[in-house]
Undergrad: 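Handing you this structure, nothing more for now.
Quick note: residue numbers are just sequence positions, from 1.
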Amino acid sequence: MTFTPRGAGNPPAVRQDQVEPDQRRSARVFAGAGRAASGPVLFDAVLLDRDGTLIEDVPYNGDPDKVRPMPGARDALDRLRAAGLRLAVVTNQSGLARGLFTEAQMRAVHARVEQLLGPFDAWAVCPHDDGDGCGCRKPAPGLVYAAAQQLGTVPARCVLVGDIGRDMTAASAAGASGILVPTPVTRPREVAAAPQVAPDLPAAVAEILRRQAAVDPATYGHVDAPRVQTVLVVRADSAGDVLVTGPGIRAVAAGARRVVLLCGPRGRAAAELLPGVDEIVEHRLPWIDPAPDPVDPADMRRLVDRLAAVGADEAVVFTSFHQSPLPLALLLRLAGIHRVSAISDDYPGSLLDVRHRVPPGVPEAERALSLAAAAGFAPAEPDGPAPRLRPVPAPPPEVGAPGYVVLHPGSAAQARGCPPELAARIARALASAGHRVVVTGGPDERELTAWVAGDVAVDLGGRTTLAGLAATVAGAGAVVVGNTGPAHLAAAHGVPVVSLFAPTVPFGQWGPWRVPTVRLGDAEAPCRDTRAARCPVPGHPCLSGLEPDQVLDALRLLGVGPPARPAPRAADRAAGVPAGTSTGGSGR
């Protein structure tokens with residue numbers, strides 16, 4: 001079926017309801033908690049590009065006899081069908097607009113595709129050319145929204161497989177996952193920027209099914225596991241790290257009566273925002289902290305005593321991919337905790353009861369969910385795996401009505417922040433385009449935020465707690481931010497993100513999860529995969545080459561435009577007052 005998706009270019013709202021009913025506790029996270037999630041946890045559907053992904057790319061093909069499936073395509077698709085996943089094709093067909101084939105010819109080609117590859121649950125086709133300005137032609141996300149709607153799901157529960165960067169941009173801009181299967185026409189920069197890459201379609205399907213199974217406790221032999229009294233969960237990193245672990249912690253909370261979170265001082269404020277946590281123990285861990293003090297035996301003994309006092313039946317130790325859980329696992333044993341689960345590539349001896357393994361590059365939230373599943377915990381329905389926060393207060397009154405753009409230029413790791421000069425130019429470009437701009441930052445970034453905001457934006461630098469920042473983000477139409485905590489606050493509130501992403505770590509692992517996102521920046525920059533906290537290359541080239549117009553284009557792709565200005569009143573028109581300008585009050 002050929003169609004232009006309803007509302008193309010103006011995707012439906014994806015903001016998640018904040019339904020946490022109790023500030024003290026997750027209230028069993030959601031009603032019905034303790035039940036394992038039924039059916040697929042991560043994905044309901046797989047969306048597939050047509051030419052170069054399912055079948056050989058024959059330019060502007062209107063001849064069914066020229067349809068040739070890609071190697072292994074039929075068996076791969078049958079594996080997805082057998083797993084209960086719905087399938088849709090999302091394809092640009094500008095040959096219709098150019099008159100190179102008719103709709104009847106295209107339908108004949110699609111009938112041949114289904115004859116060779118089996119039936120699809122939906123077809124979403126853009127019949128427009130690049131110059132038509134539609135909202136459905138990839139890289140716009142309209143086809144992803146339309147296919148998800150036809151399949152009875154939402155983009156966040158879809159994964160799109162395609163062969164070029166346009167496919168990945170469309171997926172990300174809708175909030176779907178993406179897997180790139182390169183062909184000879186795929187550009188190296190598209191491969192570098194992709195959230196995940198597979199060598200061929202069968203490998204992409206195997207990875208989808210692996211990711212799906214990894215977050216299901218049944219994969220590890222857990223079926224109707226008994227409810228646990230008290231679980232100690234651990235994430236001892238910064239605020240952003242704690243936030244991305246939230247879905248995994250909520251899964252544990254769904255199967256425990258009491259959850260105690262051990263965190264470090266850098267993550268305490270984020271820990272207080274997470275549903276499912278009953279109690280917080282704050283302690284600096286010298287093998288995790290980026291600027292550690294020498295190990296103090298007396299301090300370690302105090303930590304053991306504190307952990308013993310928790311009275312935990314078991315512990316789930318969440319770590320980043322480059323960290324070891326084993327030092328803490330030893331202390332947990334000394335504290336008398338009898339069951340310990342963690343991800344560890346190193347031999348743990350008797351320190352771990354559940355030694356979990358995760359391939360590199362998995363999104364951090366999925367990594368945490370898979371550890372929870374390996375330990376026997378699944379998200380409770382209808383909670384699911386989406387990121388969430390506790391209810392937050394109203395944003396500061398000076399930000400005005402919802403719909404503004406938050407610009408967060410800084411980061412605790414300098415390599416992941418936006419160059420100040422570029423941030424100032426972005427603020428001016430946003431304001432000139434009619435956006436209301438709110439600049440945010442921490443207490444040590446006041447000088448930066450004041451300079452970036454200038455006289456065109458509201459400056460909130462150092463003026464909010466993390467909860468206040470979360471409230472400010474919740475009211476935004478979009479957030480422009482590097483790879484740092486506010487990106488994950490935006491994901492938890494369903495607020496679209498323009499991600500100024502330095503490639504020091506993989507985007508597919510650390511980018512905003514399950515929220516409409518457009519990635520900007522040079523994914524092939526020399527800092528790629530260095531994990532550097534400070535930019536190792538003079539001039540910050542991965543981001544400094546950006547232009548503010550690219551941010552404006554990204555907002556348009558996300559369907560975020562400046563608020564409409566009200567029509568001027570008759571008296572204002574007579575006085576020559578521009579629309580949107582008040583003639584009363586203090587003028588503030």
Side-chain angles (χ1 to χ4, degrees), residues 26 29 33 36-37 41-43 156 177 195-196 210-217 219-220 222 228 231-256 259-264 266-267 270-271 273-277 280 285 288 314-325 328-329 340-345 352 354-380 383-389 483 485 487-489 491-492 505-506 508-515:
S26 63
V29 185
V41 176
L42 282 181
F43 305 122
S177 297
Q196 192 167 12
R210 188 204 64 76
R211 287 171 64 182
Q212 189 87 299
V215 299
D216 184 355
T219 300
Y220 310 96
H222 300 294
V228 179
V231 180
L232 176 72
V233 295
V234 182
R235 188 65 197 249
D237 291 297
S238 65
D241 300 302
V242 172
L243 292 171
V244 297
T245 310
I249 293 173
R250 273 198 347 271
V252 173
V259 172
V260 179
L261 171 59
L262 170 63
C263 67
R266 297 179 302 129
L273 294 177
L274 294 184
V277 175
I280 296 171
L285 303 185
I288 299 291
E314 63 178 279
V316 181
V317 182
F318 296 102
T319 52
S320 188
F321 68 101
H322 61 281
Q323 297 168 346
S324 172
L328 181 62
V340 182
S341 304
I343 297 170
S344 181
D345 291 326
L352 298 179
V354 176
R355 179 196 184 190
H356 187 47
R357 303 278 188 98
V358 178
V362 172
E364 279 292 296
E366 285 185 32
R367 195 171 185 273
L369 282 164
S370 74
L371 174 58
F377 300 100
D383 188 12
R388 296 188 190 277
L389 299 178
N483 175 24
H488 307 303
L489 293 176
V505 293
Q509 184 171 352
W510 288 101
W513 193 60
R514 292 190 163 219
V515 67

Undergrad: Please name all residues satisfying side chain to side chain donor-acceptor pair (under 3.5 Å) with Ser320, sequence neighbours left out, ordered by chain then number.
TA: His322
Undergrad: Between CG of Leu262 and CD1 of Ile280, what distance do you get to the nearest 0.5 Å?
TA: 10.5 Å
Undergrad: Return the minimal non-hydrogen interatomic distance between Arg357 and Asp345, and the atom names on each side.
TA: CD-OD1, 3.6 Å
Undergrad: Pro217 and Val215: which non-hydrogen atoms are nearest, and at how many Å?
TA: CD-O, 3.7 Å
Undergrad: Taking all atoms of both residues into account, what is the closest heavy-atom pair of Phe43 and Ser177, and its distance?
TA: CE2-OG, 3.6 Å
Undergrad: Quick one: list whatever passes side chain to side chain donor-acceptor pair (under 3.5 Å) with Ser238, sequence neighbours left out.
TA: Asp241
Undergrad: Arg266: what forms a salt bridge (charged side-chain N to carboxylate O under 4.0 Å, His left out) with it, not counting sequence neighbours?
TA: Asp289
Undergrad: Answer yes or no: is there a donor N or O on one side and an acceptor on the other, between the side chain of Gln212 and the main chain of Leu42, under 3.5 Å?
TA: yes
Undergrad: What I'd like to find out is whether the side chain of Pro360 reaches to under 4.5 Å of the side chain of Phe321, using heavy atoms alone.
TA: no
Undergrad: Report yes if the side chains of Arg211 and Val362 come closer than 4.5 Å at any heavy-atom pair, otherwise no.
TA: no
Undergrad: Ala270: which residues meet the side-chain contact (heavy atoms from CB on, under 4.5 Å) condition with it, sequence neighbours left out?
TA: Ala239, Val242, Leu243, Leu466
Undergrad: Would you please name every residue forming a side-chain contact (heavy atoms from CB on, under 4.5 Å) with Pro325, sequence neighbours left out?
TA: Val317, Thr319, Ala342, Ser344
Undergrad: Glu314: which residues meet the side chain to side chain donor-acceptor pair (under 3.5 Å) condition with it, sequence neighbours left out?
TA: Arg339
Undergrad: Where do Ala378 and Ala254 come nearest, in terms of heavy atoms and distance?
TA: O-CB, 3.8 Å
Undergrad: Mind checking what makes side chain to side chain donor-acceptor pair (under 3.5 Å) contact with Ser370, not counting sequence neighbours?
TA: His356
Undergrad: Look up atom CG in Leu371 and atom CD1 in Ile343, then write down how far apart they are to the nearest 0.5 Å.
TA: 5.0 Å
Undergrad: Which heavy atom of Pro275 sits nearest to which heavy atom of Arg250, and what is that distance?
TA: O-CG, 3.4 Å
Undergrad: Provide the closest heavy-atom pair for Ser341 versus Ala375 in the form atom of the first, atom of the second, distance.
TA: OG-CB, 3.6 Å
Undergrad: State which residues pass side-chain contact (heavy atoms from CB on, under 4.5 Å) with Val244; sequence neighbours excluded, sorted by chain then number.
TA: Glu364, His488, Trp510
Undergrad: Let me know which of Ile249, Val259, Thr245 forms a side-chain contact (heavy atoms from CB on, under 4.5 Å) with Leu274.
TA: Ile249
Undergrad: Within a strict 4.5 Å, meaning less than it, do heavy atoms of the Val316 and Phe377 side chains meet?
TA: yes
Undergrad: Measure from the side-chain N and O atoms of Arg388 to the backbone N and O of Gly246, and report whether any donor-acceptor pair falls under 3.5 Å.
TA: no
Undergrad: Residues two or more places apart in sequence or in another chain: which of them pass salt bridge (charged side-chain N to carboxylate O under 4.0 Å, His left out) with Arg367?
TA: none
